[in-house]
Trainee: 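Here it is, the structure, as structure tokens.
Counting starts at 1 for both ligands and their atoms, in listed order. Only a predicted model underlies this, so the values are computations on that prediction, with no experimental measurement involved.
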Amino acid sequence: MKVLVTGGAGYIGSHACVALLEAGHDIVVLDNFANSCMTSLDRVKQITGEDFPVVEGDVNHHRVLDSLFNSHDIDAVMHFAGYKAVGESCEKPLLYYRNNVAGTLSLCEAMQKHQVALLIFSSSATVYGDPPTVPIKEDFPLTATNPYGRSKLMVEEILRDLVSAEQLTGSGAWQIALMRYFNPVGAHPSGLIGEDPNGIPNNLLPYISQVAIGRLPALSVFGSDYPTIDGTGIRDYLHVMDLAEGHVRALDYLAQGKSTSGCHTWNLGTGKGYSVLEMIRAFESASGKTVSFKMAPRRAGDIAACWADTSKAENELGWTASRGLSEMMEDSWRWQLGNPQGYRS
Ligand code: NAD
Ligand code: UD1
């Protein structure tokens, strides 16, 4: 299949490009490089030995999308393009709704016009808010506590409406996947592509790894009084290559159901949770470095514990995360060591 990958130069998109090419698919990347650069795509070409077209442009621009769908025979879309910083979304909600919600609307309009009906959307475990229990199943109640989370929830609802409308009129065959990621970490084992956050990282793993390499003095552990094994927050961390391969499985699944409309939701996680202190220890043992840290107050909006029930993805897609914590840490560290300043190294 020929797959349009929006946001393909970013952290998850670039790993998905590798997984798609390795599975024998063709790709076209659309990215405006708002949070990435061409180097990641050059590295994808280096890893896979494959060439592919890259269109520099914005998913909000109808003319860019029209010309792209006219010049490439696209069968399916993986939609990673969007903004993802929770704090920034509280300061600039319009920017987030414009890019994440309106961008997806423009994309769907263009897909409908050009009769491309297979869409895989990057949602997030953030749509579960503070879950009543763990592990979290796909049918748990949905809620959002910040504009970023609400933008994901709104897009999920729009996509569900799109599929229901088609079921009502019987006019088409949208096949849509809502992929709810837990906490993606790690990097491709080559060390050539990985996460390259702008400025000081918000997320735990990039922060730990920048402390280990000496770019940052110490990690603040946000909260030591949660009702968890050691008082620190628990999350379901999964290797970004497992996540990428989950998308390829979802693509195969959607392609099989081409003639009937459907909207499918899958959790992508490992089903296991680790605390912040366990993550620090695992990183230290993979890197041989000491990670300095200090206890700090809870971060506003954080929850105590969150991990996935992954049985739906396992049963329907035949997908489970195969890489363990030490592999996540070793691959993160290899990327950090080889690229101490990210792609600017
Ligand atoms: P990223 O910022 O590394 O990648 C996003 C890419 O989209 C970047 O290359 C950026 O330049 C591009 N982009 C942004 N707006 C665009 C636009 N209007 N037109 C074209 N390109 C645009 O982020 P990521 O971590 O790879 O996340 C990918 C997707 O997964 C996002 O939608 C994010 O919300 C979602 N997600 C990420 C995580 C995570 O922990 N990284 C967790 C859950 C969901
Ligand atoms: C965050 C986002 C969430 C997003 C997810 C993946 C918030 C409130 N939530 O979730 O919307 O989907 O990233 O991108 O930002 N921690 C520290 N010190 C740090 C950083 C993190 O102790 O410097 C702790 C956190 O308190 C948490 C764990 O590490 O317990 C993981 O944090 P993080 O990587 O930011 O992910 P989430 O909070 O799960």
Trainee: Specify the protein heavy atom at minimum distance from atom 3 (O) of ligand 1: its residue, its atom name, and the distance to 0.1 Å.
Mentor: Y11 N, 2.9 Å
Trainee: What protein heavy atom is closest to atom 19 (N) of ligand 1, reported as residue, atom name and distance in Å?
Mentor: V59 N, 3.1 Å
Trainee: For Y96 and Y148, take the angle between the two ring planes, folded into 0 to 90°, and tell me which bin it lands in: parallel under 30, tilted 30 to 60, perpendicular over 60.
Mentor: perpendicular
Trainee: Taking 4.0 angstrom as the limit and counting only heavy atoms of G57, give me the atoms of ligand 1 inside it, by number and element.
Mentor: 19 (N), 20 (C)
Trainee: If the cut-off is 4.0 Å to any non-hydrogen atom of A9, which atoms of ligand 1 fall inside it?
Mentor: 9 (O)
Trainee: Please check whether G10 reaches ligand 1 - meaning an N/O of the residue sits under 3.5 Å from an N/O of the ligand, judged on distance alone.
Mentor: yes
Trainee: Which atoms of ligand 1 sit under 4.0 Å from any heavy atom of S123?
Mentor: 43 (C), 44 (C)
Trainee: As an exercise, identify every atom of ligand 1 less than 4.0 angstrom from a heavy atom of F33.
Mentor: 11 (O)
Trainee: In Å and rounded to the nearest 0.5 Å, what is the OG to NZ distance from S220 to K294?
Mentor: 3.5 Å
Trainee: Taking distance alone, with N or O pairs closer than 3.5 Å, would you say F182 contacts ligand 1?
Mentor: no
Trainee: Heavy-atom pairs closer than 4.0 Å: do any link ligand 1 to the side chain of A125, the backbone, both, or neither?
Mentor: neither
Trainee: Measure the distance from atom 22 (C) of ligand 1 to every protein heavy atom, then report the residue, atom name and distance (to 0.1 Å) of the closest one.
Mentor: N32 OD1, 3.1 Å
Trainee: Give the residue, atom name and distance (to 0.1 Å) of the protein heavy atom nearest atom 32 (O) of ligand 1.
Mentor: K152 NZ, 2.9 Å
Trainee: When you measure from the centre of the six-membered ring of F52, is the NZ or CZ of K45 under 6.0 Å away and within 45° of the axis?
Mentor: yes
Trainee: How close does the nearest protein non-hydrogen atom get to atom 24 (P) of ligand 1, and which residue and atom is it?
Mentor: K84 NZ, 3.7 Å
Trainee: Examine A34 against ligand 1 and note whether any of their N/O atoms are separated by less than 3.5 Å.
Mentor: yes
Trainee: Purely on distance, is any nitrogen or oxygen of I12 under 3.5 Å from one on ligand 1?
Mentor: yes
Trainee: May I ask you to list the atoms of ligand 1 that are less than 4.0 angstrom from any heavy atom of S124?
Mentor: 43 (C), 44 (C)
Trainee: Can you tell me if D31 has a non-hydrogen atom under 4.0 Å from ligand 1?
Mentor: yes
Trainee: Out of all atoms in ligand 1, which are within 4.0 Å of some heavy atom of G7? Include the element for each.
Mentor: 6 (C), 7 (O), 12 (C)
Trainee: Just distances here: any N/O of F80 and N/O of ligand 1 closer than 3.5 Å?
Mentor: yes
Trainee: Any chance the side chains of S123 and E156 put a donor and an acceptor closer than 3.5 Å?
Mentor: yes
Trainee: Between Y11 and H15, what is the ring plane arrangement, given parallel below 30°, perpendicular above 60°, and tilted in between?
Mentor: perpendicular
Trainee: Among side-chain atoms of H239 and D331, is any donor-acceptor pair under 3.5 angstrom?
Mentor: yes
Trainee: Less than 6.0 Å separating the ring centroids of W307 and F182?
Mentor: no
Trainee: Any N or O on N35 sitting closer than 3.5 Å to an N or O of ligand 1?
Mentor: yes
Trainee: For ligand 2, what N or O to protein N or O distances fall under 3.5 Å?
Mentor:
unit_1, atom_1, unit_2, atom_2, d
ligand 2, 11 (O), T126, OG1, 3.4
ligand 2, 12 (O), S124, OG, 3.1
ligand 2, 13 (O), N203, ND2, 3.0
ligand 2, 18 (N), S220, O, 2.8
ligand 2, 22 (O), S220, O, 3.4
ligand 2, 22 (O), F222, N, 2.8
ligand 2, 26 (O), D302, OD2, 2.6
ligand 2, 34 (O), N203, ND2, 3.3
ligand 2, 34 (O), L204, N, 2.8
ligand 2, 35 (O), N203, ND2, 3.1
ligand 2, 35 (O), R299, NH1, 3.4
ligand 2, 35 (O), R299, NH2, 2.8
ligand 2, 36 (O), N183, ND2, 3.1
ligand 2, 38 (O), R299, NH2, 2.8
ligand 2, 39 (O), N183, ND2, 2.9
ligand 2, 39 (O), R235, NE, 2.6

Trainee: Go through the steps for T6 and D31 under the test side-chain hydrogen bond (donor to acceptor under 3.5 Å, both in side chains), then give the verdict.
Mentor: CA-CA 6 Å; T6 77; D31 204 301; over 6 Å; no
Trainee: If you have a sec, work out which protein heavy atom is nearest atom 33 (C) of ligand 1 and how many Å separate them, to one decimal?
Mentor: Y148 OH, 3.7 Å
Trainee: Under 4.0 Å from ligand 1, counting heavy atoms only, is it the side chain of N183, its backbone, both or neither?
Mentor: neither
Trainee: Kindly confirm or rule out an N or O of N203 lying under 3.5 angstrom from an N or O of ligand 1.
Mentor: no
Trainee: Ignoring hydrogens and angles, write down the donor-acceptor pairs under 3.5 Å from the side chains of residues 133-140, residues two or more places apart or on other chains.
Mentor:
unit_1, atom_1, unit_2, atom_2, d
K137, NZ, D309, OD2, 3.1
E138, OE2, N267, N, 2.8

Trainee: Within ligand 1, which atoms have a heavy atom of N60 less than 4.0 Å away?
Mentor: 18 (N)
Trainee: Write out the residue and atom name of the closest protein heavy atom to atom 15 (N) of ligand 1, then the distance separating them to 0.1 Å.
Mentor: N99 ND2, 2.9 Å
Trainee: When you check the side-chain N and O atoms of Y128 and R180, is any donor under 3.5 Å from an acceptor?
Mentor: yes
Trainee: Look at atom CG of D73 and say whether more than 12 heavy atoms of other residues, nucleotides or ligands are closer to it than 6.0 Å.
Mentor: no
Trainee: Is it the case that R298 places NZ or CZ above or below the six-membered ring of Y226, under 6.0 angstrom from the centre and within 45 degrees of the axis?
Mentor: yes
Trainee: Please confirm whether the ring centroid of W266 lies under 6.0 Å from the ring centroid of Y253.
Mentor: yes
Trainee: Using the rule given for side-chain hydrogen bond (donor to acceptor under 3.5 Å, both in side chains), can you reason through N60 versus N99, listing the C-alpha separation, both sets of side-chain angles and the distance that settles it, and then say yes or no?
Mentor: CA-CA 7 Å; N60 286 285; N99 205 34; 3.2 Å; yes
Trainee: Answer yes or no: is there a donor N or O on one side and an acceptor on the other, between the side chain of R43 and the main chain of L192, under 3.5 Å?
Mentor: yes
Trainee: Could you list the donor-acceptor pairs under 3.5 angstrom formed by side chains in residues 198-213, with sequence neighbours left out?
Mentor:
unit_1, atom_1, unit_2, atom_2, d
N198, ND2, N35, OD1, 3.3
S209, OG, Q336, OE1, 2.6

Trainee: Check if P184 has a non-hydrogen atom at a distance under 4.0 Å from any atom of ligand 1.
Mentor: yes
Trainee: Which residue pairs pass the ring pair (Phe, Tyr, Trp, His ring centres under 6.0 Å) test when at least one of the two sits in residues 26-47, sequence neighbours left out?
Mentor: none
Trainee: Just to be sure I'm reading this right: ignoring hydrogens, which of G82, P206, A102, S122 gets closest to atom 14 (C) of ligand 1? Compare them by their nearest heavy atoms.
Mentor: G82
Trainee: If we count only N and O atoms by modelled type, under 3.5 Å, do the side chains of H114 and D66 hold a donor and an acceptor together?
Mentor: yes
Trainee: Starting from atom 42 (C) of ligand 1, what is the nearest protein heavy atom, named by residue and atom, and what distance separates them?
Mentor: Y181 CD1, 3.9 Å
Trainee: Which is it for H61 and S106 under the side-chain hydrogen bond (donor to acceptor under 3.5 Å, both in side chains) test, yes or no, and what are the steps along the way?
Mentor: CA-CA 7 Å; H61 294 164; S106 303; over 6 Å; no
